[in-house]
Structure formats: C-alpha cells, structure tokens
Amino acid sequence: MPGGGRCPDCGSTELVEDSHYSQSQLVCSDCGCVVTEGVLTTTFSDEGNLREVTYSRSTGENEQVSRSEQRGLRRVRDLCRVLQLPPTFEDTAVAYYQKAYQHSGIRAARLQKKEVLVGCCVLITCRQHNWPLTMGTICTLLYADLDVFSGAYMKLVKLLGLDVPSLCLAELVKTYCSSFKLFQASPSVPARYVEDKEKMLSRTLQLVELADETWLVTGRHPLPVITAATFLAWQSLQPSYRLSCSLAQFCKLANVDLPHPASTRLQELLAVLLRMAKQLAWLQVLKLDKRSVVKHIGDLLQHRHTLVRTAFREGTAEMETQEKELQGRGQGEEVGNSSLGLPQGKRPASPALLLPPCMLKPRKRICPTPAVSTVTGDESISDSEIEQYLRTPQEVRDFQRAQAAGQAATSVPNPR
Amino acid sequence: MRLINAFRAQTGSEAARSTGSPQPPTAGPLPMDEETYLELYLDQCAVQDDLVPPRSPLFSPVVPYVYPPNPSNPETTFNSHLESKETSGDFSSVDLSFLPDEFTQENKEQAVIRSKHEIEENCETQSQQSRLPLPSGQDVGPGLDSSSLSSSRSHLHPGDANSIQSSPEKANSNPSPLASITPMTPMTPVSECSGIVPQLQNIVSTVNLACKLDLKKIALHAKNAEYNPKRFAAVIMRIREPRTTALIFSSGKMVCTGAKSEEQSRLAARKYARIVQKLGFPARFLDFKIQNMVGSCDVRFSIRLEGLVLTHQQFSSYEPELFPGLIYRMVKPRIVLLIFVSGKVVLTGAKERSEIYEAFENIYPILKGFRKA
C-alpha cells in the first residue's frame, strides 16, 4: 500500500493488502512478512503502519471518559445498530448522550435511568430526522417501563432545551404496514389473504389521512389508528373473501401485536365512512351498515375530500347539545318518515358535526358551578367541631387494646 | 428606521383617510405636543394596516391619551416615557421599543405580555381588583361589552381608588372621547375578552406549627388521622368542612390540600392547627403560604393540537404516545397549561388567582386561532 509504510523485516515499501480467511492483512510483497493483522495488533503499531484507528477504539478516549459514560455510549451505538439506523444518526445520538452527561443530575442518576436515557437520545435523533420510531419499540428493546421512559424523556428535552418534532405519521404508516406479513403466501397466510404491498400502503395512507381530518388522531396514540386503517384497507381490497376475518385474526396472521384501542378506532373509522357514504346517491339506496360499507371504501376514498366537506360541518360543543335536543324532539317525526319509505331517504342526510369523539359522546351531567363561598378564612372555629375529630379516652383505650391484639395475632407463629 | 419612513410615506394617505373617521379630540388640554400625538396616531394606523389584527392590550396604554389627563393616573408614566423622546419632527430618537419590528404572532404576544406585565407592576396591592371583575353581577352575554370594557379600563386605572365605580360613569359622561376612541383602537380589546372564568379546583398551602410533634400520639388520639411510618413519614389527616387533606410532619410543618379557594385553605389549615393544639401540643400558625393553585375551564370548541405545537414549539410539548393533552409552559405568567382536544384547559402552577386568569386570557386568543380545522 502506497504511503510510506515499511516492512519491519526487510524494510521494503511494497506492502499489499491481502485477506487471509476474511481477515484483512498488510503483507510485504518482498519477504512475505505480515505487517498488520486485523485485531491482533496494537493501535500504536497500527498507526505506525498508517492504519487509522478511530478515537473510540483507541485508549485515549477511555482515559477521559468515565466507565459508566463509556458503557452508555456503547449502548447508544448498539441500539442504533440494532435498529439499523443510518450511520449519521449514531454520531448525533452519541453527541446528545455526551451533552446530557455533562449535567450533574444525569451523572448522579440511577443505572436504570441511564439505560433509559440511551433510548431517549436515540429517539430524539430519529425524531429530528423524521425517522418513525415509536416509544413503545424503544421500551420493548430496552426492557424499560413506559412511565420511567416518559419521565426521563420529558426531563431530557427540558434539560437540553431541544425542539423535538412530532412523530411523522406518513413515515410511520409506511414502516408499520411493511412489517405486516401479508405480502407473500405462507402456511399461515392463505392465498386469498395475500395482498400487494403498494396498493395496501397507498390505501392505508389515505384512510389515515381521513382519520386525521375527522379528529380521530389528535390526542390519541397513533399506532392503533394505523392498525385499524391497515385492516380496513386490506379488507376493502378483496372484501368478498376477507370480510369474514376479524381484526384479531388479521393481526395474528400478519404476525403483528394488536394494540388494545385498535378495535375502538376501527368502529370510529367505520362510523365516519358510513356518514360519508350517506352523501353518495348510489350508496344511499343500499342502506349500508358497518360490514357492507367496507366494499365501497375504494369509492369513498376516491371522493373523500368532497364527501368530508358535505357530510360534516364545523361545530362547537353548544351546537352539539342543541343538536341532541333537536334530535330528541325530532325522533317521533323521523320514525314517521321512514315508514313512508324511500322518497324521504333519497335526500342526503343533514351534515353531522365534525368533532372529536370525546365531544360527541353524551355529555355527563354538568356539575353545577360551586356556589360562591363566603368563607373569609378568619372565622372562629367552634370547639365542638374540633372535638368531633378526637377520640374520647375510652375510645383511645379500646383502640390501643385492639391494636395490641391485632399485633399479637400476627406475631404468633403458625402452629405446624 | 425603515418602518418610520414607511409611516411617513403613508402620512399623506393617512391624512386623507383620517378625515373620514372622527377626529381625535383637540378639545381639552393635551399633555403633550401635537406632533408626538400625531406620531402616535400614525403608529397605531400603521399597525392597524397590518394583515394580522393587532392585539388590543398593546394599544391600551395608548388609549388614555385621548382622555382628559388625570394626574393620579399611573399611565402618566407612559406619557412621560413617550414625551421624553422628543418634540421635534425627527423620528430617529423615537423609542418604539414597545412596537415590535415584525408583527408576527409571537412578537405580538410577547409585547402583549410585556405591556400587561408593566400594567401589572403598577397595581401591586389590588388583590381584589386583580380578580377578573364582572361588576354588579352582569350577565356574560349582553352585558359583555360594557362590563369588559369597564373591567379593562379598571385594569388600566389601578391607581384610582374608586376606579371601578368611576369607570362606568366615565363611559356615560364622556361620550365624545369614547366615540373617538372606537375607530382608532381596534375592536379587539372588547371582543378578545373571553368571558370565561376558570374555576379553581385545588389549592395547596403550607404552614408551620412551630413545635415538634409526636405523630404516634396524634394518630392514636385523632379519629381522622392515618399514620403508616413504613410507607410515609407523616400523618394524613382529613376534615369534612372544608373538605381537605393535610400532611402533618413531625417537625411541625404541615401541607394542606384540596381546598377550592384561598380562604377555605386558610380556614382548613387553622382547623388542623386547632386539632393539633387540642391534642396537647403548643401549635402556632406561622408562615401560612399558598404554594400552588389549580384551575380548569372549557373553551367549548375543539382544538387542533398538532397545529398548536407547530406554531408554538418553544412553549408546547405534545406527545400523544404519552399523554393526550398538550403541555403549554407559559412564560409570563409562569403557568403550565394542559390543553385537550375537547377544548378543556387545566391551568396549574399559580401562586395567585390573578395568574390563572391572566394565563387563560393569554391563551384564549391563541386557541381561537386553531378553532377551524
């Protein structure tokens, strides 16, 4: 290798790189002496032979950095490699960990916290590059509790004063959908259930966008919405064979965990689709329900922008309560209308309110605003009021006796 | 400087336009030159011309200029502040620090918060007046305009002892200054007032009983006490009226939680101290201090939290994977708000009731901006 390396035996400069059993070696082409041999050399000799040694592998770093920090940095690098992140992410995550380590609060934290800190640094790096990594994934990898993780994450963001962007929903859809094992036939996946990846991805993305527009995503964990959307997209691409498959069965055969809220999200999404279907003339006559609407998801998604605009209208909480009152009064009339048959049903349904589900649910009884209390804080306190909280001497004696008896009972060893 | 020259260029058109609107009152002695008055008027007009409607309290310090000058008015400080600038026509030494350069949302809010801070500084003793006044129990609906206008005016005249009583009279007795204000000041001062009052839900206070306590004895002699030294090193005591809970430590310090108002918290703390006294300890009642106040309210419309976190990134934290609400850390006043998609808002971290009201009035216009999807 050109560049001034000399063979220690014969002194020639003709060194070539050769690999012996997949271990790269520098060999002198004149006398055959092996100059460097992969890991079986010292950094000193390596550097002498113009092989660059990264700082993290040399002993220089070890002297300045404490052992626990070294361990943490190693964990950061390992986590990045396990997640198969691009190499630039590793450097950024390491930099964050080092920056965090400069704070005394972090240095003095427990090992569990430091472990979780590793995950936080990687998460922040991924978020800043729009790489869709969920906290659930990191907690599973680190065997950490989500509560501990959330506390450490919020503290770290505040401490370093970072601007962490939100989770990118589109990227998450792509990554999550690709993890479903439905794109090739296998013993567990019948032929009818296999689906084309691109078609499913695009339809899932459209469904998730629809959910976002209709307030089903704000304030909720993003993953169950995507699970429900993936399921609906998959079903709608071949409804005749797939309508019989339930959400739980679907996740099982796709080898993906079913998050608990996914079934509720599924119902909410179907309700939105049903509302939209009522606006399409050729679907009104079909009197769709939650199962049959799946067959028409393709059409609904194609016209989703118009349909959402016509099917829903802006509303506030007051409008919602007024609506409920009107609905209650109009209930009798509606029954009369439906008995008249089709002509009434031809008219498109009046727009429903576009509100988050928590605002659409029947309101709990509004607790009355507390009466304006006239307490001044300086009133006199009657003795009787205080005495109601004190035990009489007789009660004290009884209580002590009861306590002693209780302790005696627990301290007596069980006769075997 | 560019801004000022731009104003100058508009002067011609401004003058032409201003003939349509009622003239500022020239009757009555004005505290300063016509020139400085003109410059202030131009500033206002130029800001009004801006795309984003300017935030009202920014101009409220300027409003009193059209009133007959009141010597006891603390706004004379603003008077002198602007007077000291100059009387010549040269704008270069004009201190326009209260007008931000870019009329962006954040700058406006910071200017709002800054000017409000200045107003707040002037009214230090007004603990009752600092409560959002809805004078004489007026309805929020129809009476909103007059009541909030008078309340905002009372906000401005804290130095006056009878300001709250006098402001309605002022509104009636001086119709001409009032009529001339309205076109100049943007409509926002009245319409921005939310009309919603946050309800206090919890008050945490501490008091020093100033004597060492025997927790075992307290737990033995008091019916309403629980003491589990292995779990927590304090007695947990509860009383029914006001419904509160207290943590009593052996050092004599006590924490009282659960009250719905400052007075109730104080009364409850006194009751706990009296109970400890009756148990035979020489308890006193020193350094009663309210440590935290929590309030909540409902803005009655849904909020796009994703949008809010994008525009107010430096204050907000929204992690739907962890918590369904958005955590907004307001700087002035230092309050943390939890904002939910349903429009419910929880405010916490206040030491004074006024901080909660102020924080809500600050956040309400921001939330209204996210009303439409």
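Hydrogens, waters and symmetry mates play no part in the numbers below; they use all other heavy atoms, side chains included. Naming convention: chains lettered A, B, ... in sequence-line order (proteins, then strands); numbering from 1 in each chain.
Here the side chains of A/Gln388 and B/Lys223 are not in contact, with every heavy-atom distance at 4.5 Å or above. Between B/Glu306 and A/Thr218, the closest side-chain pair of non-hydrogen atoms falls below 4.5 Å. Residues B/Arg270 and A/Ile381 have side chains in contact (heavy-atom distance under 4.5 Å, counting atoms from C-beta outward).
The candidate from A/Asp147, A/Leu223, A/Thr392, A/Val396 with the greatest count of non-hydrogen atom pairs under 4.5 Å with chain B is A/Val396. Ranked by non-hydrogen atom pairs under 4.5 Å with chain A, the options B/Lys278, B/Arg329, B/Gln277 are led by B/Lys278.
Residues B/Ile303 and A/Trp215 share a closest heavy-atom pair of O-CZ3, 3.3 Å. Across all their heavy atoms, A/Asp378 and B/Arg266 have their closest contact at OD1-NE, 3.2 Å. Minimum heavy-atom separation, B/Val341 to A/Met359: O-SD, 4.3 Å. For the residue pair A/Leu146 and B/Glu321, the shortest heavy atom distance occurs at CD2-O, 4.4 Å.
When heavy atoms are compared at a cutoff of 4.5 Å, B/Leu322 approaches chain A solely by way of its side chain, counted from C-beta outward. Both the backbone and the side chain of B/Ile239 come within contact range of chain A, with heavy atoms under 4.5 Å apart.
Residues of residues 132-140 of chain A that come within less than 4.5 angstrom of chain B, heavy atom to heavy atom, are A/Thr134, A/Met135, A/Gly136 in numerical order.
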Using residues 153-166 of chain A as the side-chain source, report each donor-acceptor pair under 3.5 Å to any protein atom, sequence neighbours left out, with the distance given to one decimal.
residue: A/Tyr153; atom: OH; partner: B/Glu319; partner atom: OE2; Å: 3.2

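Using a cutoff of 4.0 Å between basic side-chain nitrogens and carboxylate oxygens, B/Lys271 and A/Glu387 are not scored as salt-bridged.
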